[in-house]
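Indexing begins at 1, ligand by ligand and atom by atom, following the structure's order. Numbers for residues simply follow the sequence, beginning at 1.
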Amino acid sequence: MRLVLLGAPGSGKGTQATRLKEHLQVPHVSTGDLLRAEVKAGSPLGLQAKEVMARGELVSDDILLGMLEDRFSRDDMARGFILDGYPRNLAQAAALDALLERIGQPMDIAVQLEVDNELLIDRLAGRAQAEGRADDNPESVRKRLQVYDDQTAPVIGYYRDAGKLAVVDGVGTLDEVFGRILAAFERQ
Ligand code: ADP
């Protein structure tokens, strides 16, 4: 199964991806996690990305595509994957399709986790206290939600037009949302 998770910051992509990874036995590729690992390692890429991420803005498409190509060149991707955090704009969506076509592994399904803005803000505020992420301060949270609305939301239409979109209600317990995602697989 080749799947991409779509949804705003705080919509639960990472949490559900962890569950799905166990269930599907395929790698979970989170571009946010890959970038945070680079920042932590202090690599040149990490140094470039650090401030941009802390502000809640998007790291450049070139950096992301390079990182993704690198990750997709590994053998474990042959069984399928769960992609989380990418694509975040229409250019990235097109670049991803080109990459997947090149390796003969087209996307099967895009799952959008739908959660309204007020709840997102509550969830992110809770996470800020629990995890202390550099971009969970109120100003960066506002910026990330705005970037999502402006640049990432159009990606939903991209997958809808391709006939690959499944919309899932992201409000409820972890188990409830997970069950809805599995039901969406059946429908697709
Ligand atoms: P969230 O979705 O909760 O905001 P992520 O962990 O997915 O968090 O991403 C954190 C940050 O990493 C983003 O705000 C952005 O700066 C950077 N980032 C992650 N994925 C991408 C991407 N595909 N394109 C550009 N920047 C990205």
Side-chain angles (χ1 to χ4, degrees), residues 3-21 27-72 81-100 107 110-156 158-159 168 170-171 174 177:
L3 130 85
V4 59
L5 288 172
L6 304 175
S11 61
K13 296 188 301 290
T15 313
Q16 293 299 331
T18 305
R19 289 287 291 273
L20 286 165
K21 174 187 151 98
H28 167 211
V29 177
S30 156
T31 51
D33 287 350
L34 291 174
L35 285 166
R36 280 185 288 276
E38 297 283 348
V39 170
K40 198 166 166 217
S43 70
L45 193 159
L47 291 175
Q48 245 182 298
K50 187 175 178 182
E51 300 303 322
V52 180
M53 291 173 74
R55 285 199 301 272
E57 292 168 8
L58 294 187
V59 175
S60 84
D61 289 350
D62 287 352
I63 288 186
L64 265 292
L65 187 59
M67 239 174 48
L68 211 62
E69 280 173 336
D70 188 52
R71 185 63 188 84
F72 270 89
F81 53 82
I82 301 154
L83 193 53
D84 156 17
Y86 193 100
R88 255 180 160 85
N89 59 34
L90 289 174
Q92 292 186 2
L96 176 63
D97 268 350
L99 168 62
L100 294 180
M107 195 66 81
V111 174
Q112 181 204 353
L113 294 178
E114 218 174 23
V115 175
D116 71 37
N117 256 34
E118 244 164 83
L119 185 57
L120 291 175
I121 291 168
D122 284 353
R123 284 187 183 177
L124 290 167
R127 194 172 76 183
Q129 289 194 320
E131 294 177 17
R133 249 172 66 170
D135 58 353
D136 275 345
N137 64 82
E139 200 180 318
S140 298
V141 164
R142 257 196 310 280
K143 183 71 189 176
R144 280 155 60 208
L145 292 173
Q146 188 202 325
V147 167
Y148 179 81
D149 284 340
D150 293 348
Q151 300 190 52
T152 311
V155 172
I156 292 165
Y158 179 92
Y159 285 107
V168 166
V171 183
L174 209 163
V177 177

Quiz prompt | Pairs touching residues 121-135 that satisfy side chain to side chain donor-acceptor pair (under 3.5 Å), sequence neighbours left out | solution =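 Every side chain to side chain donor-acceptor pair (under 3.5 Å) pair that includes a residue of residues 121-135, provided the two are not neighbours, is R127-D136, R133-D135.
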
Output side-chain donor-acceptor pairs under 3.5 Å for residues 7-14, partner residues at least two apart or in another chain, one line each.
from: S11; atom 1: OG; to: A8; atom 2: N; distance (Å): 3.4
from: S11; atom 1: OG; to: A8; atom 2: O; distance (Å): 2.7
from: K13; atom 1: NZ; to: G7; atom 2: O; distance (Å): 2.8
from: K13; atom 1: NZ; to: A8; atom 2: O; distance (Å): 3.4

Pair M53-V59, side chain to side chain contact (heavy atoms under 4.5 Å, CB included): steps then yes or no:
CA-CA 7 Å; M53 291 173 74; V59 175; 3.8 Å; yes

Mind checking the OH-CZ spacing from Y148 to R88? Nearest 0.5 Å is all I need.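 The distance works out to 9.5 Å.
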
**Study point:** Interatomic distance, L5 atom CG to D84 atom CG [nearest 0.5 angstrom]
**Key:**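 L5 atom CG to D84 atom CG measures 6.0 Å (nearest 0.5 Å).
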
- Task: At a heavy-atom distance under 4.0 Å, which protein residues reach ligand 1? Sort them by chain and number, would you?
- Result: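 Contacting ligand 1 under 4.0 Å are P9, K13, T31, G32, L35, R36, M53, E57, L58, V59, L64, G85, Y86, R88, Q92, R127, R133, D135, R144.
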
_Tell me every residue that passes salt bridge (charged side-chain N to carboxylate O under 4.0 Å, His left out) with E51, counting only those two or more places apart in sequence or in another chain._
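Partners of E51 under the salt bridge (charged side-chain N to carboxylate O under 4.0 Å, His left out) test: none.
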
